[in-house]
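Here the structure is laid out as structure tokens; the discussion comes afterwards.
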2 protein chains.
Amino acid sequence: MGYLFKVPPFHAPARDLPMSQMLQIHDQLREMILSLDLGPGERLTERWLESRFEGSRTPIRAALVRLEGEELVRRDGRNWIVAPIDLGELEALAEFRIPLETTAVRLACARASEADIAGVEEMLDACQSGAPREEWHRVGTDFHVEIARLSGNPFIVKAIAGAMTRLSRARWLEVWTEPSREQAWREHRRILGFIKAKDPDSAAREAADHITDTRDRLLRSLNEDRRGLRARGFAVIGLR
Amino acid sequence: MGYLFKVPPFHAPARDLPMSQMLQIHDQLREMILSLDLGPGERLTERWLESRFEGSRTPIRAALVRLEGEELVRRDGRNWIVAPIDLGELEALAEFRIPLETTAVRLACARASEADIAGVEEMLDACQSGAPREEWHRVGTDFHVEIARLSGNPFIVKAIAGAMTRLSRARWLEVWTEPSREQAWREHRRILGFIKAKDPDSAAREAADHITDTRDRLLRSLNEDRRGLRARGFAVIGLR
DNA sequence: CGGTCTTTCTTGGGATACCGAAATGGGATA
DNA sequence: TATCCCATTTCGGTATCCCAAGAAAGACCG
């Protein structure tokens, strides 16, 4: 905070949670990064964050260290920057997701309760054609995490959640057409349908195809719009 | 540091790397945790760490936040504790590793160069029967990470490295017999052999079997020695 | 006018001051 | 003696302060 005209040491009025300020700042900053509110590659100074979040450097640095662990923020020399988007990761990410998600749906077939499955169905239902883009984006991410959750394996859940986070910003850059949205929606439905029907092989095949399709759609869209991306000034690297 | 008889503000003599103290503390603390130098569940006070590492709370807190991200340290209310060992994770961990490592060895068959494979072979060779226990422990972990590296997929590498870290402490608790050591060694050899021979199916089968075997060996040993574990006072939970 | 040296400013890394809450530890009391 | 209460300490959370290094901005010289 400012060093002049400063009100004498004012200590926070004791929130109920530990490190509450740090957690708040972490969440907000995370959201700003994932929503592209802060551009990939953008420099973050602790002092700017201080004024932006009206907290002192201590909780801000803690939040930055934490975000560094999530690879949403990175060091550039001794500076902090928002992690750039590396579109070269997209293939590796799909390659990583396929074995995990096929395993997840297989396990889900064996373990998921009717109620759990119904919960995911509801989530899909809640996002109809007219829904705003944010909604589609969120559900498109959460679906995969929720499916992973049906597997009952926390390591799979965490890995998938991490992968979807890494994918999130690239997905914002995609130019979404109505047909592609529709296709994704149908594929999600189909995967869930096979889980409900306890058909692990079909579910796994469908999941793998979906990941591949999505990757291709994304890469195609980004390649076509490459000029647009640069124009928007994003530090986007790695697209071959 | 102490509040009495304190030498006036002494500022660190400028290391070359940014946040060097934090990184040093992080590494040392990490090592102490993984080697069971600090018992699972043990309370860590920032002030104790201060004197232990002769640094101030700032870098120590950064190291703790970072370790929290690796789940080696955790909050308990507003205290810090060394993450307990949860032996209930062992099954889920194996379930997680199998699809990833089978994928890794398949990819390795397609992508690994002779030189890379030779590097891993050397690592195995360097650890002969007479080697100290630490050596076996390290190689037993690193082998899997190095195999993952042969896949060329950084996400797989990171996931496997994380899984092996999570497994590391449980492996220290295992009572290692000469035959089991031998078996693990043979299995590692075999996996690498199939990769060298570009036989993905056999490599994948072998890798999956190895993970299963290792899990069973570990669970059996821990079950038999459960009394011993408690006697040693470890905060070990989750063994059914 | 361009290049270079110097001064200044800014930033991150680290140390410490201070607060409130929780833990601790005696004694006093029933 | 068991229990409760309050003084004291300890601890984590936060704010601020100090330092060194490097970047930016001038100042100076050829």
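Heavy-atom basis, side chains included; hydrogens, waters and symmetry copies ignored. We name chains A, B, ... by the order of the sequence lines, and we start the count at 1 in each one.
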State whether A/Trp80 and A/Arg75 meet the cation-pi test: NZ (Lys) or CZ (Arg) under 6.0 Å from the six-membered ring centroid, and within 45° of the perpendicular axis.
-> yes

How do B/Met22 and B/Asn79 order along DNA chain C: which one's closest nucleotide is nearer the 5' end?
-> B/Met22

Assert: residue with more 5' nearest nucleotide on DNA chain C, out of A/Thr58 and B/Arg43, is A/Thr58

Determine whether a donor-acceptor pair (N or O, by modelled atom type, separation under 3.5 Å) exists between the side chain of [X] and the backbone of [Y].
{"X": "B/Arg111", "Y": "B/Ser151", "result": "yes"}
{"X": "A/Ser168", "Y": "A/Met164", "result": "no"}
{"X": "A/Arg133", "Y": "A/Trp172", "result": "yes"}
{"X": "A/His26", "Y": "A/Ala62", "result": "no"}

Whole angstroms only, please: what is the [atom1]-[atom2] distance between [X] and [N]?
{"X": "B/Arg47", "N": "C/dA22", "atom1": "CZ", "atom2": "C1'", "value": "13 Å"}
{"X": "A/Phe53", "N": "D/dA15", "atom1": "CZ", "atom2": "C1'", "value": "18 Å"}
{"X": "B/Arg57", "N": "C/dA17", "atom1": "CZ", "atom2": "P", "value": "12 Å"}
{"X": "B/His26", "N": "C/dG13", "atom1": "NE2", "atom2": "C1'", "value": "17 Å"}
{"X": "B/Glu54", "N": "C/dG14", "atom1": "CD", "atom2": "P", "value": "15 Å"}
{"X": "A/Leu49", "N": "C/dG13", "atom1": "CG", "atom2": "P", "value": "13 Å"}
{"X": "A/Glu46", "N": "C/dT11", "atom1": "CD", "atom2": "P", "value": "10 Å"}
{"X": "B/Asp76", "N": "C/dA22", "atom1": "CG", "atom2": "P", "value": "14 Å"}

Tell me the partner of C/dA22, counting only Watson-Crick (N1-N3 plus N6-O4 or O6-N4) or G-U wobble (N1-O2 and O6-N3) with both under 3.5 Å; none if nothing fits.
->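 Check on C/dA22: paired to D/dT9, both distances under 3.5 Å.
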
Selected nucleotide, minimal atom distance to [X] side chain, candidates [options]:
{"X": "A/Thr45", "options": "C/dA22, C/dG12, D/dA15", "value": "C/dG12"}
{"X": "A/Gln21", "options": "D/dA15, C/dA15, C/dG12", "value": "D/dA15"}
{"X": "B/Pro59", "options": "D/dG12, C/dA15, C/dG12", "value": "C/dA15"}
{"X": "A/Ser56", "options": "D/dA15, C/dG12, D/dC11", "value": "D/dA15"}

Just call it for A/Ile60: base, sugar-phosphate, or nothing, with non-hydrogen atoms closer than 4.0 Å on any strand.
-> nothing

Using only side-chain N and O atoms of B/Arg75, determine if any of them is under 4.0 Å from OP1 or OP2 of D/dG13.
-> yes

Give a yes/no answer on whether the side chain of A/Arg61 brings an N or O atom under 4.0 Å of OP1 or OP2 in C/dG13.
->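 Yes, within the criterion.
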
